[in-house]
Asker: 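Supplied in structure tokens, the structure appears directly below.
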Amino acid sequence: WGLLILVGLLVTARYEGLFLAAAVGLLFALRAGWLAATPVAVAAALPVLAYAVVSTAHGWHAVPNSILLKGAPMPILRTIVEHGLASVEGVGAAAHLLGYGAYAKLVAAPHVLFLVLAALVVFLRGPSHPPAPWTPGRVFAALFVGTALVHMQFADTDSLFRYDAYLVGLGLYALARVLPEGPPGRPSAPARGAALTLAFLAACALAGRAADATLKAPRAMRNIYEQQYQMGLFLREYYPGARVVAHDVGAINYLADLECLDVVGLASREVFDLKLQGAFDTEAIARLSSGFDLAVLYDGHLGRRGGIPAGWVKVGSWTIPDNVICSEDTVSFYATEASRAGELASRLRLFGARLPADVRQETASPGAAGS
């Protein structure tokens, strides 16, 4: 029952919990038959079904937009549909779906790779007492390896390791449980050498991960404060209740009461649907943003969509140093109508005096902004 509750909580917290649930269910089925795995499937499915019911009742999709847009299989499936399996692109996409994706991500994430290898080595050595396949340590090692492989195939790691943190915790716990179950007696010199080498590589990868996260986390918090938090303060003061086109909508909506068009598609159904169709471009942005007050976007995002919509006027920008987390160093402010440009420029200059010292603000001259 404790394991079933854990599965339900993990799936409720993040959809990656489904990977662990699948591994738990498979072990239940192997040990006691598929009927024994039914409670696991139910515990995992309930949070997913609850979300689907609430989401569809409000006119959204059964699965979160973030999963549909960012999930690893989606762009690969779109590639196969667009190019066909007979093309070079299609063959490469199919290879990713058949396991190459997991291999490539493991190579790029050595902290997970070496934990998987270590768990496999210790698992294959076998325990010192029967029943060999079902000791607690071997069960946890199998859970970790299975979960890690499925995660790497269908999900991603993250620059600040939030997506794979549960894998590292599960892997370390599995090793701690399975190591004491090894066969008695002193291993041979080659075996000791291989084990020490693997342990050293795993320790280096984990230490590098810890150092990277420790160094990046404070900088990432400062990045958010200097860019997105300031965006929220600016909009709260000068544009309460405004209609805003934005790229990162979290902080600004937390701080200000806004109506947002999310050009990423996570919070705007129209944008999401157009992205799935491959039809989200400059013209679509211009059409959906008709009647909006201003836009706060990254120039790179607009460039990838075809450029600035007709009628928009770029009024100013903020640039932060040492960026490790924001989508781009520079966020730009656009008036969606030329008549609004002068007012936006004036407000940016007033707010600029209160920006953190590291933030570089550029604004158009009054004449240029109003032209």
Side-chain angles (χ1 to χ4, degrees), residues 6-26 40-82 93-94 96-102 104-106 108-109 112 146-170 246-251 253-254 260-280 284 301 304-305 325-327:
L6 175 62
V7 166
L9 290 174
L10 282 172
V11 176
T12 303
R14 292 194 69 89
Y15 271 66
E16 286 90 337
L18 290 172
F19 305 147
L20 179 58
V24 171
L26 180 59
V40 179
V42 172
L46 281 177
V48 177
L49 291 174
Y51 177 91
V53 169
V54 174
S55 182
T56 53
H58 288 80
W60 289 76
H61 298 282
V63 179
N65 287 8
S66 57
I67 301 295
L68 294 173
L69 284 174
K70 298 180 179 180
M74 296 307 295
I76 296 173
L77 290 173
R78 284 197 293 269
T79 299
I80 293 175
V81 171
E82 291 174 4
H96 269 78
L97 285 179
L98 295 175
Y100 182 79
K105 289 173 190 170
L106 280 170
V112 179
T147 303
L149 293 177
V150 177
H151 177 105
M152 290 299 178
Q153 177 62 44
F154 295 107
D156 286 317
T157 55
D158 181 74
S159 58
L160 289 177
F161 311 108
R162 57 182 175 150
Y163 298 153
D164 54 8
Y166 82 105
L167 287 178
V168 173
L170 179 60
H247 184 280
D248 284 307
V249 301
N253 279 277
Y254 178 79
C260 273
L261 176 69
D262 175 15
V263 297
V264 176
L266 300 182
S268 294
R269 171 89 187 244
E270 304 92 335
V271 174
F272 171 82
D273 291 339
L274 287 170
K275 281 196 168 185
L276 284 189
Q277 300 165 20
F280 187 63
H301 182 89
R304 289 189 292 274
R305 299 297 166 189
I325 195 65
C326 296
S327 296

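The structure displayed is predicted, hence computed values, not measured ones. Computation of the quantities below employed the complete heavy-atom set of this structure, encompassing side-chain atoms and omitting hydrogens, waters and symmetry-equivalent molecules.
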Asker: Mind checking ring-ring contact (aromatic ring centres under 6.0 Å, His included) for Phe161 and listing every partner two or more places apart, or none if nothing turns up?
Answerer: His111
Asker: Can Asp248 and Ser327 be said to form a side chain to side chain contact (heavy atoms under 4.5 Å, CB included), step by step?
Answerer: CA-CA 9 Å; Asp248 284 307; Ser327 296; 3.8 Å; yes
Asker: Could you tell me which non-hydrogen atom of Ala102 sits nearest to which non-hydrogen atom of Gln153, and how far apart they are?
Answerer: N-OE1, 3.3 Å
Asker: Provide the closest heavy-atom pair for Cys260 versus Ser268 in the form atom of the first, atom of the second, distance.
Answerer: O-OG, 3.8 Å
Asker: How far apart are the closest heavy atoms of Leu274 and Ala284, and which atoms are they?
Answerer: CD1-CB, 3.9 Å
Asker: Which atoms form the tightest heavy-atom contact between Val264 and Lys275, and what is the distance?
Answerer: O-NZ, 2.9 Å
Asker: By salt bridge (Lys or Arg N to Asp or Glu O under 4.0 Å), which residues pair with Asp262, not counting sequence neighbours?
Answerer: none
Asker: For the residue pair Ala23 and Thr147, what are the closest heavy atoms and their distance?
Answerer: CB-OG1, 3.7 Å
Asker: Would the distance check show the side chain of Lys105 and the main-chain N or O of Asp156 forming a donor-acceptor pair, the cut-off being under 3.5 Å?
Answerer: no
Asker: For residues Trp60 and Asn65, report the shortest heavy-atom separation together with the two atoms involved.
Answerer: CZ3-ND2, 3.2 Å
Asker: Does the plane of the ring in Phe19 sit parallel, tilted or perpendicular to the ring in His151? Use 30° and 60° as the thresholds.
Answerer: perpendicular
Asker: Show the atom names and distances, to 0.1 Å, of all donor-acceptor pairs under 3.5 Å that link a side chain in residues 45-57 to residues at least two apart or in another chain.
Answerer:
{"from": "Ser55", "atom 1": "OG", "to": "His61", "atom 2": "O", "distance (Å)": "2.5"}
{"from": "Thr56", "atom 1": "OG1", "to": "Ala52", "atom 2": "O", "distance (Å)": "2.7"}
{"from": "Thr56", "atom 1": "OG1", "to": "Val53", "atom 2": "O", "distance (Å)": "3.2"}

